Amino acid sequence: MSDLKKIRDEFISKLKGKLNLSEINQIKSELFGKNGLVSSQFKKIGTIVESERKKFATDLNVIKDELQDLINSKIDEVENAEINKKLDKEKIDITLPERPFVRGKIHPVSQTIDEISSIFSEIGFSVEEGPDVENEYNNFTALNTPDDHPARDMHDTFYLDEKKQKLLRTHTSPVQIRTMLKDKPPFKIIAPGRTYRSDSDQTHAPMFHQVEGLHIDKNINMGHLKGCLNYLIKEFFEVDKIKMRFRPSHFPFTEPSAEVDIGYEMKNGKIIIGEGNQWLEILGCGMVHPNVLKNVKVDPTKFQGYAFGIGIDRLAMLKYGINDLRAFFDCDYRWLSHFGFDPLDVPTNYRGLSR
Ligand code: PHE
């Protein structure tokens, strides 16, 4: 019997036995390792007389393939057996009675964002998002905010590097830039999210929430802005009448700019929205500055529109009678189970936003 056939027969019978993974690997290296039996046969090819060389090489390759296939299928077999054994052990007994569990609640800020998104989706706005860590360009420069503008001050902005290139966004307005850079007009979007300013007292938290709005098209004017905000506030507070006033203001990225107050009244210690002579500021807005449009390659002689930025936390406090802003971020489970919302009650305009 030739050497080859001997090797073949010996190892085929070995591989037929019951083996574990390390035994198989041992066999594998005995055959195919650097000085393995099969490998050394290959080295022999050159020394064989020419008349027999071809047959030898062919036989060797056939045997090599046969043994390799056998080893591979043996490995599969052992691995599968191991997985099955593991799965068998991990079976879950679903006949056990359920344990009582506490159901989580939706945070009032998340609820408010969902409500606002639903309200705007009814009038054709889609939702965009941007990162909390922004670059200086999107947060300031592209928004026409000059180098010496007070908003850039270290006291207000959390910078993340010495060169002041990266920062925690101080408003959601950079999402205007991101949106306009990646698409072509018209734009009709809102962008809710977290924003950061170095500020902390009873009515200010270093992290707070805004929703940005942006509507750019041909012939959009301030009347559209007013109509849109009027609709938002009425829907959000679920009232028919709303008192709203626009106060002239200044933002580098809008011209003209305004701040919007809504009228309210205190009755028996409760706040009534839309009546009375008290005013509460809830948002900043204006017509997008031509320089901003130029920065994002939109032609301001063809397209224009409005933008606004609403403080979400304050709206949530007003609507849900929460009087301390800090409670939002305390993670007190008792507070959340009182003020939180049922996760299965998704706010929609037609079914009611909050029940
Ligand atoms: N970004 C402004 C702020 O945070 C709000 C704003 C947004 C004003 C869009 C005008 C237009 O105060």
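Read the numbers this way: they start at 1 and go in the same order the structure lists the ligands and their atoms. This one's a predicted model, so the numbers in the text were calculated from it and none came from an experiment.
Screening residues 40-51 for salt bridge (Lys or Arg N to Asp or Glu O under 4.0 Å) gives Asp3-Lys44 as the qualifying pairs, with residues at least two apart or on separate chains.
Checking Tyr231, Phe125, Phe236 one by one against Phe120, the ring-ring contact (aromatic ring centres under 6.0 Å, His included) holds for a single residue, Phe125.
The backbone N or O of Arg194 sits less than 3.5 Å from a side-chain atom of Arg169, completing a donor-acceptor pair.
Annotation: cation-pi pair Lys105/Phe341 absent, no NZ/CZ under 6.0 Å from the ring centroid and within 45° of its normal.
Residues with a heavy atom under 4.0 Å from ligand 1: His171, Ser173, Gln176, Arg197, Gln210, Glu212, Phe251, Phe253, Thr254, Gly284, Cys285, Ala307, Phe308, Gly309.
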List, one per line, each side-chain donor-acceptor pair under 3.5 Å for residues 136-145, sequence neighbours excluded.
| from | atom 1 | to | atom 2 | distance (Å) |
| --- | --- | --- | --- | --- |
| Glu136 | OE1 | Thr141 | OG1 | 3.3 |
| Glu136 | OE2 | Thr141 | OG1 | 2.4 |
| Glu136 | OE2 | Arg152 | NH1 | 2.8 |
| Glu136 | OE2 | Arg152 | NH2 | 3.2 |
| Asn138 | ND2 | Glu134 | OE1 | 3.2 |
| Asn139 | OD1 | Thr170 | N | 3.1 |
| Asn139 | ND2 | Thr170 | OG1 | 3.0 |
| Thr141 | OG1 | Arg152 | NH2 | 3.2 |
| Asn144 | OD1 | Asn291 | ND2 | 3.2 |
| Asn144 | ND2 | Pro252 | O | 2.9 |
| Thr145 | OG1 | Phe140 | O | 3.3 |
| Thr145 | OG1 | Leu143 | O | 3.3 |

Result block: side-chain N/O donor-acceptor pairs under 3.5 angstrom for residues 277-288, not counting sequence neighbours:
none

